[in-house]
Amino acid sequence: MASESQNWVVMVTAQTPTNIAVIKYWGKRDETLILPVNDSISVTLDPAHLCTTTTVAVSPTFQQDRMWLNGKEISLSGGRFQNCLREIRTRACDVEDEKKGIKIKKEDWSKLHVHIASYNNFPTAAGLASSAAGFACLAYALGKLMNVKEDESQLSAIARQGSGSACRSLFGGFVKWVMGKEDNGSDSLAVQLADEKHWDDLVIVIAVVSSRQKETSSTSGMRESVETSLLLQHRAKEIVPKRILQMEEAIKNRDFASFSRLACADSNQFHAVCLDTSPPIFYMNDTSHRIISIAEKWNRSEEAPQVAYTFDAGPNAVLIARDRKTATLLVQRLLYYFPPNSDDLDSYIIGDKSIAKDAGINGIKDVEALPPPPEIKDNIPSQKYKGDISYFICTRPGTGPVLLSDSSQALLNEETGLPK
Ligand SMILES: Nc1ncnc2c1ncn2[C@@H]1O[C@H](COP(=O)(O)OP(=O)(O)OP(=O)(O)O)[C@@H](O)[C@H]1O
Ligand SMILES: C[C@@](O)(CCOP(=O)(O)OP(=O)(O)O)CC(=O)O
């Protein structure tokens, strides 16, 4: 370690998106390495609306590895954090900061400690894949700090050891997690199928049904499914391999009808596997089921599907509209059935608010004036479910990890290496 003083701090800040699977990962064949029983495919969400920002710093004055999540210190002793830190450290290379006169040699990294500060701009552990964005950002930022030469796919295999779905957040656009065959997990990594510009018509609306922490984590839920669900075995062996090929084709051809059919069927099958688990796991609730019915009824009333839905291990709905025009019709439907509890529309629709404006929704009066959707015209007057949705996030497919070079965006103090 060559430097005049021992008081220096070197740091890197990165921003990483979250992702939503359209062909689900559910089940591990190796719990420690986090190796899945099937391939999965996801859409990366625009980091402008949902992302993690992480600053990692190194200094000879740091006494131990420390981490702060959303401003609160958390323990790094868990196996998943330790595995990521170890895997990155073993790949670290020489780092030189000529301006500051600092040189860190490859072999120094095993003796140096890091400080990590991370912030999610959306609720943590609420079924919005904070662990995916979080571990992807950790692997990416540490990789940059330690001058790791591995590419994004190889970094994804490290993020995977933090949380499986995290490996897919190393890329923007459409991403496949290849399950791999090797016992050591070296070939279980993410690859980009297409970037976010490839299909930029798509609009994504997330209905946040509940922000409470869930009863069964994805990790324990999928462990129980692997142990008890025969449907999971059939799905992994017979269904998913064919679906993956069909989904890749649908994405390549921007074929929304196939994309929607496959995404909805796969979400429903994943939840069927949860029901097939003993004891059964319920992630969706009545509101989730209502959203499925609204989407299905609408799709069936049109010549071609207008919207796809998918649900992770929680009740929140992720709705993907075929284009902006359809997204405005979707927002109208959602607001018709789920008007807000208060008059505060501004905090009810967050993210890309221009979709609501294009839908003619500028205030609560516009919500109250919404007519019933035409597909229910001939039925008995439809029921409304005021207050059953906490809020909506309007977003779109987005880009992969980026470095933030502006030091004002760093979460750690440049001199002390402690949270700002
Ligand atoms: N920014 C972050 N950096 C590192 N780790 C994080 C970050 N955010 C969340 N995590 C880790 O992920 C855990 C939450 O993961 P969990 O799977 O319970 O919720 P989620 O990812 O928000 O929801 P889901 O996986 O169901 O979509 C946190 O307890 C923490 O260990
Ligand atoms: C339903 C899912 O969101 C499950 C995600 O599971 P996690 O990646 O959170 O699980 P661990 O690997 O145990 O951390 C489907 C998906 O994202 O593919």
Side-chain angles (χ1 to χ4, degrees), residues 1-17 47 51-69 73 76 81-119 133-162 166-167 169-172 186 189-190 192 399-420:
M1 238 174 299
S3 163
E4 311 259 300
S5 109
Q6 287 295 293
N7 278 332
W8 52 265
V9 178
V10 174
M11 61 171 73
V12 162
T13 301
Q15 200 169 66
T16 302
C51 73
T52 293
T53 303
T54 301
T55 300
V56 290
V58 62
S59 168
T61 62
F62 295 168
Q63 299 298 305
Q64 56 180 21
D65 292 339
R66 294 176 76 183
M67 173 158 185
W68 294 263
L69 176 55
E73 183 154 15
L76 281 173
F81 282 115
Q82 287 302 314
N83 290 348
C84 288
L85 283 164
R86 187 197 59 241
E87 290 301 309
I88 294 278
R89 274 197 173 103
T90 59
R91 291 166 175 79
C93 296
D94 293 354
V95 170
E96 191 164 2
D97 187 329
E98 280 183 14
K99 259 204 253 149
K100 290 186 179 166
I102 299 160
K103 189 159 184 186
I104 308 169
K105 309 261 318 142
K106 193 180 160 80
E107 53 276 16
D108 295 338
W109 285 109
S110 60
K111 291 171 252 139
L112 286 165
H113 295 293
V114 290
H115 281 185
I116 304 160
S118 191
Y119 174 75
F135 279 104
C137 210
L138 185 69
Y140 185 79
L142 284 173
K144 294 291 171 198
L145 178 75
M146 299 188 187
N147 194 18
V148 166
K149 299 284 195 284
E150 268 79 354
D151 63 16
E152 268 76 359
S153 265
Q154 288 158 319
L155 280 179
S156 81
I158 299 175
R160 188 201 75 224
Q161 298 178 53
C167 74
S169 275
L170 263 300
F171 294 98
S186 57
L189 35 79
Q192 188 177 50
T399 172
V402 287
L403 277 179
L404 302 180
S405 49
D406 178 357
S407 62
S408 70
Q409 288 170 293
L411 302 175
L412 294 169
N413 181 293
E414 266 184 295
E415 262 113 56
T416 62
L418 289 167
K420 277 181 174 171

J.: Could you check Leu170 against Tyr140 for side chain to side chain contact (heavy atoms under 4.5 Å, CB included), going step by step and ending with a plain yes or no?
T.: CA-CA 8 Å; Leu170 263 300; Tyr140 185 79; 4.0 Å; yes

J.: Using atom types as modelled and distance alone, determine if a side-chain donor or acceptor of His115 lies under 3.5 Å from a backbone N or O of Ala57.
T.: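 It does not hold such a pair.
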
J.: With sequence neighbours left out, what residues match Trp109 under ring-ring contact (aromatic ring centres under 6.0 Å, His included)?
T.: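 Per chain and number, Trp109 pairs via ring-ring contact (aromatic ring centres under 6.0 Å, His included) with no residue.
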
J.: Tell me every residue that passes side-chain hydrogen bond (donor to acceptor under 3.5 Å, both in side chains) with Ser408, counting only those two or more places apart in sequence or in another chain.
T.: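 Ser408 satisfies side-chain hydrogen bond (donor to acceptor under 3.5 Å, both in side chains) with Asp406 only.
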
J.: Could I get the full list of side-chain hydrogen bond (donor to acceptor under 3.5 Å, both in side chains) partners for Thr16, not counting sequence neighbours?
T.: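 Result, side-chain hydrogen bond (donor to acceptor under 3.5 Å, both in side chains) vs Thr16: none returned.
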
J.: For the residue pair Val12 and Leu145, what are the closest heavy atoms and their distance?
T.: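 Taking every non-hydrogen atom into account, CG2-CA, 3.8 Å.
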
J.: Can you list everything that forms a side-chain hydrogen bond (donor to acceptor under 3.5 Å, both in side chains) with Ser59? Sequence neighbours excluded, please.
T.: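 side-chain hydrogen bond (donor to acceptor under 3.5 Å, both in side chains) check on Ser59 returns Thr61.
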
J.: Quick one, Val56 and Val114 - any side-chain contact, counting heavy atoms below 4.5 Å?
T.: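 Result no, sub-4.5 Å side-chain heavy-atom pair not found.
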
J.: According to salt bridge (Lys or Arg N to Asp or Glu O under 4.0 Å), who are the partners of Arg89, at least two apart in sequence or on a separate chain?
T.: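 Listed in chain order: Asp65.
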
J.: Phe135: which residues meet the ring-ring contact (aromatic ring centres under 6.0 Å, His included) condition with it, sequence neighbours left out?
T.: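 In terms of ring-ring contact (aromatic ring centres under 6.0 Å, His included), with neighbours along the sequence ignored, Phe135 is linked to Phe81.
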
J.: Testing the basics here: between Thr52 and Thr54, what is the closest heavy-atom pair and its distance to 0.1 Å?
T.: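 Where Thr52 meets Thr54 most closely, the heavy atoms are CG2-OG1, 3.4 Å.
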
J.: Listed by chain and number, what are the side chain to side chain contact (heavy atoms under 4.5 Å, CB included) partners of Tyr119, not counting sequence neighbours?
T.: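 Counting only residues at least two positions away or on another chain, Tyr119 forms a side chain to side chain contact (heavy atoms under 4.5 Å, CB included) with Asn70, Asn121, Leu411.
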
J.: So how far is it from Ile158 CD1 to Thr90 OG1, rounded to the nearest 0.5 Å?
T.: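 Here the rounded value is 7.0 Å.
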
J.: What distance separates Leu155 CG from Ser169 OG, expressed to the nearest 0.5 Å?
T.: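 Spacing of CG (Leu155) from OG (Ser169) equals 13.0 Å.
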
J.: Before giving the answer on side chain to side chain contact (heavy atoms under 4.5 Å, CB included), spell out for Leu76 and Ile116 the whole-Å C-alpha distance, their side-chain angles and the decisive distance to 0.1 Å.
T.: CA-CA 10 Å; Leu76 281 173; Ile116 304 160; 4.3 Å; yes

J.: Of all residues at least two apart in sequence or in a different chain, which pass the side-chain hydrogen bond (donor to acceptor under 3.5 Å, both in side chains) check with Thr13?
T.: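 For Thr13 the side-chain hydrogen bond (donor to acceptor under 3.5 Å, both in side chains) partners, ignoring immediate neighbours, are Thr55.
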
J.: Only counting residues at least two apart or in another chain, list the ones meeting side chain to side chain contact (heavy atoms under 4.5 Å, CB included) with Ala157.
T.: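 By the side chain to side chain contact (heavy atoms under 4.5 Å, CB included) rule, Ala157 matches Arg160, Leu189.
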
J.: Trp8 and Val58: which non-hydrogen atoms are nearest, and at how many Å?
T.: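 That closest heavy-atom pairing would be CZ3-O, 3.6 Å.
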
J.: If you take all heavy atoms of Asn83 and Gln161, which pair is closest and at what distance?
T.: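 Shortest heavy-atom contact: CB-OE1, 4.1 Å.
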
J.: Please tabulate, one pair per line, all N/O donor-acceptor pairs under 3.5 Å involving side-chain atoms of residues 412-420, not counting sequence neighbours.
T.:
unit_1	atom_1	unit_2	atom_2	d
Asn413	OD1	Glu415	N	2.7
Asn413	OD1	Thr416	N	3.0
Thr416	OG1	Leu418	N	3.2
Lys420	NZ	Ser407	O	3.2
Lys420	NZ	Ala410	O	2.9

J.: For residues 92-99, run the donor-acceptor check on the side chains, cut-off 3.5 Å, and write out each pair with its distance to 0.1 Å, sequence neighbours left out.
T.:
unit_1	atom_1	unit_2	atom_2	d
Asp94	OD1	Lys106	N	2.7
Asp97	OD1	Lys99	N	3.3
Asp97	OD1	Lys100	N	3.2

J.: For Ala166 and Ala136, which heavy atoms make the closest approach, and how far apart are they?
T.: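 Closest heavy-atom pair between Ala166 and Ala136: O-CB, 3.5 Å.
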
J.: List for me each residue that meets salt bridge (Lys or Arg N to Asp or Glu O under 4.0 Å) alongside Arg91, sequence neighbours excluded, and say none if there are none.
T.: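 Salt bridge (Lys or Arg N to Asp or Glu O under 4.0 Å) check on Arg91 returns Glu87, Glu150.
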
J.: Check Ser153 against Ala190 and note the closest heavy-atom contact, atom names and distance.
T.: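 Closest pair (atom of Ser153, atom of Ala190, distance): OG-O, 2.5 Å.
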
J.: Between Thr53 and Gln409, does the side chain to side chain contact (heavy atoms under 4.5 Å, CB included) criterion hold? Intermediate values first, please.
T.: CA-CA 9 Å; Thr53 303; Gln409 288 170 293; 5.8 Å; no

